[in-house]
Peer 1: 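Have a look at this one.
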Amino acid sequence: MLYICIASILFSIQPAFTKQYQRNAGDGLKSSFLYNVTSPLLFIAIMFFYEGMKLDFTVYSFVMAMVWAIVCNAMSFFQIKALSYGNVANYSLFLLGGGMLIPVVYGAIFGDDFGACKIIGTVLVCVAILIKINPKEKSRAGSLFSLIMIFILNGLAGVLASVYQSELFTFDKISSEQFSILRSFTTVGVGAVMLGVLSIKERGDEKQNALAMRKGYLKAMPWSLIGGGINGVANLLLLFALQTVQPSLQYPIITGGGILLSAIVGLIFKEIPDKKTWISVGFATAGTIIMIL
């Protein structure tokens, strides 16, 4: 349970670093792939030191890490877009909501307990998300699409973590620590390939614009490294917790704590939550408490 609580705190802090990265690097495809190339580097260095410069490998673990890397690179693009359109509280609500609901449904399908409390809690979290959707705001169409995508992709990432730690498949696999390093490497690799493709396709940017972009990327780099390190540690703690805690219990705790704390973190950026945001946070927190019960 301690791992889950620490991970919840880390997940709630991490969007602040992503927001700062987006402010400096922009919200284009190139900045999102650059984020995936740089953000895992600090975590890789930490884990290499912790693991004694060792890197294990199995085919199954590599395939799972590659799928994770593709999901992660896609999610980073929509994360940066969502943060450029809206605030940290809205972003966190969809990110953590998807990270809870989709793995909980997966857990229910594959044998987790799913009684009345979890059904009620799931409905309340869905209500929390729906409260934030305003179809009359046409200018927010891009924001809504980005939020929906991070909802789906973060949920898929949670399912991948659950599948890897479960006994659903009997293939040889490496330890949680080694898998965290491997999927960080594959995330960097996929991001680097996509970044290279984009660089090749770029045509005749003015030198001044290119120089300004590079300066922005350099300013954004520390935020990427620290945010990626925090995210890597939080995901590693989740892998540890999944060895003993069902996904249908773990992810509600992560979500409830994360949504509430992220709304508070948003205050750092002078994003004062409106009444709808606090009502939404209240529904999400209540849903989480009921699901835990």
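Values below: every heavy atom of this structure, side chains too, minus hydrogens, waters and symmetry copies. Everything quoted here is computed from the prediction, not taken from an experiment.
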Peer 1: Side chain to side chain donor-acceptor pair (under 3.5 Å) with Gln22: which residues, sequence neighbours excluded?
Peer 2: none

Peer 1: What pairs with Phe185 under side chain to side chain contact (heavy atoms under 4.5 Å, CB included), at least two apart in sequence or on another chain?
Peer 2: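 Partners of Phe185 under the side chain to side chain contact (heavy atoms under 4.5 Å, CB included) test: Ile44, Phe48, Leu55, Ile181.
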
Peer 1: Sequence neighbours left out, what passes ring-ring contact (aromatic ring centres under 6.0 Å, His included) with Phe49? Give chain and number order.
Peer 2: none

Peer 1: Can you list everything that forms a side chain to side chain contact (heavy atoms under 4.5 Å, CB included) with Met221? Sequence neighbours excluded, please.
Peer 2: Thr38, Leu225

Peer 1: Apply side chain to side chain donor-acceptor pair (under 3.5 Å) to Tyr35 and list each qualifying residue two or more places apart in sequence or on a separate chain.
Peer 2: Gln14, Thr18

Peer 1: Can you list everything that forms a side chain to side chain contact (heavy atoms under 4.5 Å, CB included) with Ala286? Sequence neighbours excluded, please.
Peer 2: Leu124

Peer 1: Output yes when a side-chain donor or acceptor of Thr58 lies under 3.5 Å from a complementary backbone atom of Asp172, and no otherwise.
Peer 2: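 Between the backbone of Asp172 and the side chain of Thr58 there is a qualifying donor-acceptor contact (under 3.5 Å).
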
Peer 1: For Asn154, give me all partners under side chain to side chain donor-acceptor pair (under 3.5 Å), at least two apart in sequence or on another chain.
Peer 2: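 Here no residue qualifies.
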
Peer 1: Taking the six-membered ring for Trp, are Phe94 and Phe151 parallel (under 30°), tilted (30 to 60°) or perpendicular (over 60°)?
Peer 2: perpendicular

Peer 1: Under the rule for ring-ring contact (aromatic ring centres under 6.0 Å, His included), what residues qualify as partners of Phe78, not counting sequence neighbours?
Peer 2: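 With neighbours one apart ignored, the set is Phe145.
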
Peer 1: Under the ring-ring contact (aromatic ring centres under 6.0 Å, His included) test, which residues partner Phe62, sequence neighbours left out?
Peer 2: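 Listed in chain order: Phe57.
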
Peer 1: Only counting residues at least two apart or in another chain, list the ones meeting side chain to side chain donor-acceptor pair (under 3.5 Å) with Ser76.
Peer 2: Asn36

Peer 1: For Ile70, give me all partners under side chain to side chain contact (heavy atoms under 4.5 Å, CB included), at least two apart in sequence or on another chain.
Peer 2: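 Result, side chain to side chain contact (heavy atoms under 4.5 Å, CB included) vs Ile70: none returned.
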
